[in-house]
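Below, each value reflects all heavy atoms present in this structure, side chains not excepted, and no hydrogens, waters or symmetry copies. This is a predicted model, so every value here is computed, not measured. Protein chains get the first letters and strands the later ones, always in sequence-line order, with residue 1 at the start of each.
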Number of protein chains: 2
Amino acid sequence: MSIYYQIYESLKKDLSNNLYKPGEKLPSEKVLSKRFGVNRHTIRRSLQLLKNEGILFSKRGSGIIVHDNRFKYKIGKRVRFSQNILNENYVPETTILRSEIRKASKIEAKNLEINSKHEILLIETIGKINNVPSIKTKRVISNKRFPDFFDIFQKQLSITKTLKILGVNDFFRKNTLVTAEQADSIQANLLHCKINSPLLKTTYINQDLNLIPIEYSQTWFVGERIQLALEN
Amino acid sequence: MSIYYQIYESLKKDLSNNLYKPGEKLPSEKVLSKRFGVNRHTIRRSLQLLKNEGILFSKRGSGIIVHDNRFKYKIGKRVRFSQNILNENYVPETTILRSEIRKASKIEAKNLEINSKHEILLIETIGKINNVPSIKTKRVISNKRFPDFFDIFQKQLSITKTLKILGVNDFFRKNTLVTAEQADSIQANLLHCKINSPLLKTTYINQDLNLIPIEYSQTWFVGERIQLALEN
DNA sequence: TAAGATTTGTGCGTATGTATA
DNA sequence: TTATACATACGCACAAATCTT
């Protein structure tokens, strides 16, 4: 077997043994090349394989850093999907799974503080991080208050932008509940994880500046890829 | 932008313009490096990116070949999902999306040659090739004839194996209809393709040696990744 | 069949650019 | 400002597999 591949396997083993921990730097290419007794280019080829696998990433002038694969999803007063992901230099994408207009259930009406005779708009979406589906959201919104919500959302694919167009310039969390669930078969396929693998589920209400509820929603995160960072 | 990246983009453009066709060889690294006026290593880096994307692959001593990414799925008298994929040295996997027992529709009853009062078992599955979901199947089976079908299928995850256990040692296609559809949002997410991207849809009946229908089913294939190879 | 040419794979060395510490 | 660290690019040499004569 080639030298660079042996070194790759050796480094990978060290990484899986947590010899180098997520967020930490590896020794420099110069040090590694001396340690393994090879040219720097040879080490670079080994490292490239680990970068391709997303285990490492490099910063020019700084060093090579062990990737913490779990995405740190910030949950605070203002939770913004796309912004959260762009802030960490990843690429966000939202796709619509389905939508529905129907009468509110008791719980939905209570949480949205609307009459239970009123209709709600339900939207289910998949959120992707770097093209990997990892977040599923089910939103319930008053259809009476925002009759054009879906039409706009379909084009914008962003809650923040849609609400802005509808005149809601800011909104924030009233509360957030975090629970754990197991993925069922449909969720496993949609979220690209295995059946029964753990999901983080958040249930929350977003309200406007007048404290009026806008949406009552639930979001599922793939536990293996995402960690929730709670803020004040 | 770096030279190797510009060359990568140039080659990628040529490939998408079908200047080099699937199965064909590219000019050798030596020729390419002279053509672009760079060192051979520089060309190799450009090519490596295209190899990583699965667009090219190389054979030592032979050359660099344009990959035909589309999987050749054989449709003939006997169609066997797992075997089809194993035969081409890929890894098959089946996951269950959902199942349902209900009364047969008129069309289902007619195609299964059963009384329309009878119940049918509906199973929706996702078929993966090398872990990439690319095939969705919706099967309708007589629940009266095979009351234990789902219990067995759930463990076996194979129609062939399930039927064998149920005493049906062989089965074959009565007919197959091929049509084209566009992926809707749910299909796009399940099959990891874009909305409106083309799907190949087959509608067919599998029957046993006594010509009695076993299943009336529909299968969707992602057109970008799969081509159907019709056999006699 | 065998020898030689071609083509990709691996490895080292050197030099310079660019970003960070 | 200086030193360090990663990024890019060229050149040389040889190995390994394949193709051609």
>> Please confirm whether the shortest side-chain N or O distance from A:Arg45 to OP1 or OP2 of C:dT10 is below 4.0 Å.
In response: yes
> Under 6.0 Å between ring centres, would you say that holds for B:Tyr8 and B:Tyr5?
Replying inline: yes
Rounded to the nearest Å, what distance is computed from the [atom1] atom of residue [X] to the [atom2] atom of nucleotide [N]?
X	N	atom1	atom2	value
A:Lys30	C:dT14	NZ	P	13 Å
B:Gln6	D:dA9	CD	C1'	13 Å
A:Leu32	D:dA5	CG	P	11 Å
B:Arg44	C:dT7	CZ	C1'	10 Å
A:Ile64	C:dT20	CD1	P	15 Å
A:Leu26	D:dC6	CG	P	9 Å
B:Lys34	D:dC10	NZ	C1'	15 Å
B:Gln48	D:dA7	CD	P	16 Å

> Using a distance-only test with no angle check, is there a side-chain donor-acceptor pair under 3.5 angstrom linking B:Arg40 and B:Ser33?
Replying inline: no
> Between B:Ser217 and B:Glu215, is any side-chain donor less than 3.5 angstrom from a side-chain acceptor?
Replying inline: yes
> According to the interplanar angle, ranging from 0 to 90°, do the rings of A:Phe81 and A:Tyr73 count as parallel (below 30°), tilted (30 to 60°) or perpendicular (above 60°)?
Replying inline: tilted
> Picking from D:dA9, D:dC6, C:dG11, which would you name as closest to the side chain of A:Glu29?
Replying inline: D:dC6
> Start at the 5' end of DNA chain C and walk down; is the nucleotide closest to A:Ile3 or to B:Gly63 reached first?
Replying inline: B:Gly63
> Would you call A:Asp170 and A:Lys77 a salt bridge, taking side-chain N to carboxylate O under 4.0 Å as the test?
Replying inline: no
> Taking for each residue the nucleotide of DNA chain D with the nearest heavy atom, is it B:Tyr4 or A:Val31 whose nucleotide lies nearer the 5' end?
Replying inline: A:Val31
>> Within 45 degrees of the ring normal and closer than 6.0 Å to the centroid, is that where the cationic atom of A:Arg80 sits relative to A:Phe171?
In response: yes
>> Does A:Lys164 have more than 12 heavy atoms from other residues, nucleotides or ligands lying within 6.0 Å of its NZ?
In response: no
> What one-letter contact string describes nucleotides 11-18 of chain D from 5' to 3', where B marks a base within less than 4.0 Å of any protein heavy atom, S marks contact via sugar-phosphate atoms alone, and - marks no contact?
Replying inline: BB---BBB
